[in-house]
Amino acid sequence: YNVIPERQVSLDKSEITLVLDDDGKASGELTATFNAASSDVIEWKTSKDDVVKIGTAQFAAGSGNSTSKVTLEALKPGSATVTAVRTDVGEKIAECTVTVVQPVKTIAITDGSGNEYAGDAVISIKSGETCNIGCIVKPEDATDKSVEYSTSDAAVASVWGDGSGAVITAAGAGEAIITVTSKYNSEIKASVKVAVTAQPEPDKGGSDSGNTSNQGGSKDSSQNVTT
């Protein structure tokens, strides 16, 4: 008697990441392998047809196993499940998660009001003062827009921030470079120079008891920028 093998279907990938290029395009291939069939019995489906488009299947018959191969075209950033359904045995399926990524292209550092610093800009502040900076990550629909802030010399100026904003704190006289780096791609970054001067010495001369003077302290948004 003839033994009828259990009908199976499998995919060559369980996950695919498609990274959009400068023209907004990306593609990949996915192959379903199945047995006990002399024709293409695979129906291809996507959970989000606005994220991934499935091309026409190419069938290749084999003595044991056959294959059905499709091209996946990325349409926009997002995630979709592509499913190969074996139509001759009901609900026998195999799935692949397809992630379409819009990569970060550029980063620009801005002042507290959102104005971009020029490449040769210098933020001038006094020790003990603070100033706010931000960043603009492009394109706007980048999949991962997270960034890291760092300083070349924390003894001169430290920086703390998360996301699109950060605070620079001037510590001591000197110069430091503040850098914003993409977490998606560490090669994409932007920098600005910070020049810190010491606070003026308090007036040790006599003064009327009714006069007071500000001898330093933290001030926000008081930095001078030169270009």
Side-chain angles (χ1 to χ4, degrees), residues 1-108 135-150 162-164 179-191:
Y1 60 92
N2 293 327
V3 177
I4 300 177
E6 181 182 0
R7 295 176 179 179
Q8 302 285 352
V9 59
S10 62
L11 294 175
D12 62 333
K13 306 177 187 74
S14 60
E15 297 180 350
I16 296 177
T17 298
L18 303 177
V19 180
L20 297 173
D21 61 18
D22 291 340
D23 296 323
K25 297 180 180 180
S27 63
E29 292 183 342
L30 191 59
T31 300
T33 300
F34 51 95
N35 62 344
S38 58
S39 61
D40 195 345
V41 295
I42 301 300
E43 179 183 359
W44 293 92
K45 298 180 179 181
T46 174
S47 62
K48 295 181 180 179
D49 56 11
D50 61 336
V51 174
V52 177
K53 178 182 178 181
I54 302 175
T56 303
Q58 299 178 1
F59 171 69
S63 58
N65 294 325
S66 298
T67 60
S68 177
K69 181 171 68 174
V70 294
T71 297
L72 306 177
E73 179 184 352
L75 300 179
K76 71 174 186 179
S79 180
T81 300
V82 173
T83 305
V85 182
R86 183 160 181 162
T87 58
D88 59 341
V89 288
E91 295 301 318
K92 187 74 72 173
I93 66 172
E95 294 180 332
C96 175
T97 300
V98 180
T99 302
V100 179
V101 173
Q102 175 65 274
V104 174
K105 302 293 179 61
T106 63
I107 292 177
C135 71
I136 299 175
V137 180
K138 293 182 180 181
E140 292 185 1
D141 62 345
T143 301
D144 184 358
K145 298 176 73 173
S146 57
V147 297
E148 291 181 331
Y149 294 86
S150 61
D162 186 16
S164 60
T179 301
V180 184
T181 305
S182 166
K183 289 185 178 181
Y184 171 79
N185 182 349
S186 61
E187 294 183 357
I188 298 176
K189 61 186 68 177
S191 299

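Quick caveat: nothing in here was measured; it's all calculated off a predicted structure.
When all heavy atoms are compared, the tightest approach of Cys135 to Val147 is SG-CG2, 4.0 Å. Taking each heavy atom of Asp49 and Thr46 in turn, the nearest pair found is CA-CG2, 3.8 Å. In terms of heavy atoms, Asp144 sits closest to Ser146 at OD1-OG, 2.5 Å. Closest of all the heavy-atom pairs between Ala74 and Leu18 is CB-CD1, 4.0 Å. Here the closest heavy-atom approach between residue Pro103 and residue Ala142 is recorded as O-CB, 4.3 Å.
Rounding to the nearest 0.5 Å places CD of Glu15 at 12.5 Å from CG of Leu11.
Applying the salt bridge (Lys or Arg N to Asp or Glu O under 4.0 Å) rule to Asp88 yields the partners Arg7, Arg86; only residues at least two apart in sequence or on another chain are considered. With sequence neighbours excluded, the residues forming a side-chain contact (heavy atoms from CB on, under 4.5 Å) with Thr87 are Val41, Glu43, listed by chain and number. Not counting sequence neighbours, the partners of Thr143 by the side-chain contact (heavy atoms from CB on, under 4.5 Å) test are Pro77, Val101, Gln102. Under the side-chain hydrogen bond (donor to acceptor under 3.5 Å, both in side chains) criterion, Asp50 pairs with Lys76, not counting sequence neighbours. The side-chain hydrogen bond (donor to acceptor under 3.5 Å, both in side chains) search around Lys48 returns none, not counting sequence neighbours. In terms of the side-chain hydrogen bond (donor to acceptor under 3.5 Å, both in side chains) criterion, Ser27 has no residue partners (sequence neighbours excluded). Partners of Glu148 under the side-chain contact (heavy atoms from CB on, under 4.5 Å) rule, at least two apart in sequence or in another chain, are Lys183. Shown here are the side-chain hydrogen bond (donor to acceptor under 3.5 Å, both in side chains) partners of Asp22, two or more places apart in sequence or in another chain: Lys105. Annotation: side-chain contact (heavy atoms from CB on, under 4.5 Å) contacts of Ser191 (sequence neighbours excluded): Ile177, Thr179. Contacts of Lys145 classified as salt bridge (Lys or Arg N to Asp or Glu O under 4.0 Å), with partners at least two apart in sequence or in another chain: none.
When the shell of 6.0 Å around NZ of Lys45 is examined, it contains 12 or fewer heavy atoms from other residues, nucleotides or ligands.
With a 4.5 Å cut-off on side-chain heavy atoms, Thr97 and Ile16 do not count as touching. Residues Val52 and Glu73 fail the side-chain proximity criterion, which asks for heavy atoms closer than 4.5 Å. Looking only at side-chain heavy atoms (C-beta outward), Lys138 and Val104 stay at 4.5 Å or farther from each other. Side-chain contact between Ile54 and Val82 is present, with at least one heavy-atom pair separated by less than 4.5 Å. Counting only heavy atoms from C-beta outward, the side chains of Thr33 and Asp12 never approach each other to under 4.5 Å. Using a 4.5 Å cut-off on side-chain heavy atoms (C-beta onward), Val51 and Leu75 make no contact. Val85 has its side chain out of reach of Ile42: every pair of non-hydrogen atoms, C-beta onward, lies at least 4.5 Å apart.
A donor-acceptor pair is defined here as one N or O able to donate and one able to accept, closer than 3.5 Å; such a pair exists between the side chain of Ser182 and the backbone of Tyr184.
For residues 61-71, every residue pair satisfying the side-chain hydrogen bond (donor to acceptor under 3.5 Å, both in side chains) rule, not counting sequence neighbours, is listed here: Asp40-Ser68, Trp44-Ser68.
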Set out, in order, the CA-CA distance, both residues' side-chain angles and the distance that settles side-chain contact (heavy atoms from CB on, under 4.5 Å) for Glu29 and Leu72, then state yes or no. CA-CA 6 Å; Glu29 292 183 342; Leu72 306 177; over 6 Å; no
